[in-house]
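Working notes, structure below.
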Amino acid sequence: MLNLIRLREQAEYPDGRASTGAEAYGAYSDLSAPVFQALGGKIIWRGGHELTMVGPRSETWDIAFIAEHPSVQVFLDMMRNETYRDAMKHRQAGVLDSQLVRFASKESGLSFAG
């Protein structure tokens, strides 16, 4: 699953606590990672924005990574996990915008079309 994350400068918690978007997302990550890993998930690529070659130059992402889940069902199990759901309050507070796109794996090739 391709994850593109744009963080808020300041987190927006319902209770008004002070935190940056990066700190809130870090709290989400710390709490959710054990659930993700216990269900067989792993991060297979992580990167940071350098340059937009094609697309809106204003559309940048603070965090980009590809997460691998053993199956769609495992991803759904993670989303239903109580610990993971509790961690989501930090993600919601810290993230301004995101795109999560699931792709089916295909065999690697030497050309762009496969």
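In this chain, numbering begins with 1 at the start of the sequence shown.
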Next item on the list: For Leu51, look at atom CG and say whether over 12 heavy atoms of other residues, nucleotides or ligands are found less than 6.0 Å away.
Entry: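 Result for CG/Leu51: enclosed.
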Determine the minimum heavy-atom distance between [X] and [Y], stating which atoms define it.
| X | Y | answer |
| --- | --- | --- |
| Tyr13 | Ala24 | OH-CB, 3.4 Å |
| Gly41 | Pro70 | N-CD, 4.2 Å |
| Tyr28 | Ala87 | CD1-O, 3.5 Å |

Using 0.5 Å steps for rounding, measure from the [atom1] atom of [X] to the [atom2] atom of [Y].
| X | Y | atom1 | atom2 | result |
| --- | --- | --- | --- | --- |
| Met79 | Ser32 | CE | OG | 10.0 Å |
| Asn3 | Arg102 | CG | CZ | 11.5 Å |
| Leu31 | Thr83 | CG | OG1 | 8.5 Å |
| Phe75 | Met1 | CZ | CE | 4.0 Å |
| Leu96 | Gln10 | CG | CD | 12.5 Å |
| Ile63 | Arg46 | CD1 | CZ | 8.0 Å |

Spell out, yes or no, whether [X] and [Y] are grouped together once hydrophobic residues are joined by side-chain heavy atoms under 4.5 Å, including indirect joins.
| X | Y | answer |
| --- | --- | --- |
| Leu4 | Ile43 | no |
| Ile66 | Leu100 | no |
| Ile5 | Trp45 | no |
| Val95 | Met88 | yes |
| Phe36 | Ile44 | no |

Note to self: Determine whether a donor-acceptor pair (N or O, by modelled atom type, separation under 3.5 Å) exists between the side chain of Arg8 and the backbone of Ala93.
What the structure shows: yes
Next item on the list: Please answer whether the main-chain N or O of Val74 pairs with a side-chain N or O of Ser71 as donor and acceptor at a distance below 3.5 Å.
Entry: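 It does hold such a pair.
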Check: Pick one: which of His69, Met78, Gln73 meets side chain to side chain contact (heavy atoms under 4.5 Å, CB included) with Leu39?
Finding: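 It is Met78, the one option of His69, Met78, Gln73 that forms the side chain to side chain contact (heavy atoms under 4.5 Å, CB included) with Leu39.
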Item checked: salt bridge (charged side-chain N to carboxylate O under 4.0 Å, His left out) contacts in which one or both residues fall within residues 61-73, not counting sequence neighbours -> Lys42-Glu68
Next item on the list: Quick one: which residue pairs count as a salt bridge (charged side-chain N to carboxylate O under 4.0 Å, His left out) with a foot in residues 18-40, not counting sequence neighbours?
Entry: none
Item checked: Donor on one side chain, acceptor on other, Arg91 and Ser98, under 3.5 Å ->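 Short answer, yes.
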Next item on the list: Could you tell me which residues satisfy ring-ring contact (aromatic ring centres under 6.0 Å, His included) with Phe65, sequence neighbours excluded, listed by chain and number?
Entry: none
Note to self: For a 4.5 angstrom cut-off between non-hydrogen side-chain atoms, does Trp61 reach Arg6?
What the structure shows: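 Contact flag for Trp61/Arg6 side chains = yes.
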Next item on the list: Apply side-chain contact (heavy atoms from CB on, under 4.5 Å) to Glu9 and Thr20, showing your working.
Entry: CA-CA 6 Å; Glu9 184 126 346; Thr20 66; over 6 Å; no
